[in-house]
**Q** 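One structure coming up, written as structure tokens, with questions to follow.
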Amino acid sequence: MNFKDQVFEQVKRIPKGKVATYGQISNQFKILNLKIKIDARIVGWVLHANKDPKVPCHRVVDRNGRIAPNFAFGGAEEQRRRLLAEGVKFNDKMHVDLKLCFWQG
DNA sequence: AAAGTGACGCATT
DNA sequence: TAATGCGCCACTT
């Protein structure tokens, strides 16, 4: 079990129709497991490297609710479609409505 | 060991 | 929205 797997486990827990942020996820590790230092940047790096469809990467956005410009499954457009299909609302082309869809782990 | 890289975060312009 | 700059951590070369 390394930090990557822990990130995946956390991402898999995000419920349908909700989104979490890179910062929030990394912050949870800092609280629950002080030995493992994880930065928001690492979370993004792990997700980008990941290509496993089991991990709902599209539910992870940055702290402003902005989706990834280089989404690994087909680009930002694809990520946006997936979120809309789950009921996540968008304020702009690149921003989800965190006020309504932010997942409190 | 050192440097380059990146789906970030935050402040500023 | 976009562009810089600094701080951050793990990975690859």
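Throughout, protein chains are lettered first and strands after them, A, B, ... in sequence-line order, and every chain is numbered starting at 1.
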**Q** Could you check whether A:His58 and A:Glu78, counting side-chain N and O atoms only, form a donor-acceptor pair closer than 3.5 Å?
**A** no

**Q** Is a salt bridge present between A:Glu9 and A:Lys4, judged by a nitrogen-to-oxygen distance below 4.0 Å?
**A**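 Looking at A:Lys4 together with A:Glu9, the answer is no, because their closest N to O distance does not fall below 4.0 Å.
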
**Q** What integer distance in Å separates A:Leu98:CG from B:dG9:P?
**A** 11 Å

**Q** Can you tell me the distance, in whole Å, between the CZ atom of A:Arg66 and the P atom of C:dT1?
**A**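 For the pair A:Arg66 CZ and C:dT1 P, the rounded distance is 7 Å.
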
**Q** Let me know the distance between CG of A:Asn27 and P of B:dG9, rounded to the nearest Å.
**A** 11 Å

**Q** Would you mind classifying the nucleic acid contact of A:His95 as base, sugar-phosphate or nothing, using non-hydrogen atoms under 4.0 angstrom?
**A** sugar-phosphate

**Q** From C-beta outward on A:Trp45, which listed nucleotide comes closest to its side chain: C:dC11, B:dA7, C:dC8?
**A**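 Given the options C:dC11, B:dA7, C:dC8, the side chain of A:Trp45 is closest to C:dC11.
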
**Q** Between P on B:dC10 and OH on A:Tyr22, what's the gap in Å once rounded to a whole number?
**A**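 The answer, rounded to whole Å, is 14 Å.
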
**Q** How long is the span from the CZ atom in A:Phe73 to the NZ atom in A:Lys51, to the nearest 0.5 Å?
**A** 9.5 Å

**Q** NZ of A:Lys89 to CG of A:Leu84: how many Å apart, nearest 0.5 Å?
**A** 11.0 Å

**Q** Name the nucleic acid region contacted by A:Ala40, choosing base, sugar-phosphate or nothing; use a 4.0 angstrom heavy-atom cut-off, strictly under.
**A**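 Here A:Ala40 touches the backbone only, sparing every base.
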
**Q** Using a 4.0 Å heavy-atom cut-off across all strands, classify A:Asn64 as base, sugar-phosphate, or nothing.
**A** nothing

**Q** On DNA chain B, nearest-nucleotide positions of A:Ile42 versus A:Gln24: which is more 5'?
**A**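 Of the two residues, A:Ile42 wins.
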
**Q** Expressed as a whole number of angstroms, how long is the span from A:Gln28:CD to B:dG9:P?
**A**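 After rounding, the reported distance stands at 14 Å.
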
**Q** How do A:Ala49 and A:Arg63 order along DNA chain B: which one's closest nucleotide is nearer the 5' end?
**A** A:Ala49

**Q** Run the salt-bridge test on A:Arg59 and A:Glu86 with the 4.0 Å N-O cut-off and return the result as yes or no.
**A** yes

**Q** Calculate the interatomic distance between A:Arg82 atom CZ and B:dA7 atom P; express it in whole Å.
**A**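 One finds 17 Å between P of B:dA7 and CZ of A:Arg82, rounded.
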
**Q** Between C:dA10 atom C1' and A:Lys4 atom NZ, what is the distance in whole Å?
**A**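 About 9 Å, once rounded to whole Å.
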
**Q** Measure CG/A:Asp62 against P/C:dC8 and give the value in whole Å, please.
**A**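 Result: 20 Å.
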
**Q** If you check every side-chain atom of A:Met94, which of B:dA7, B:dG6, C:dT1 has the closest atom?
**A** C:dT1

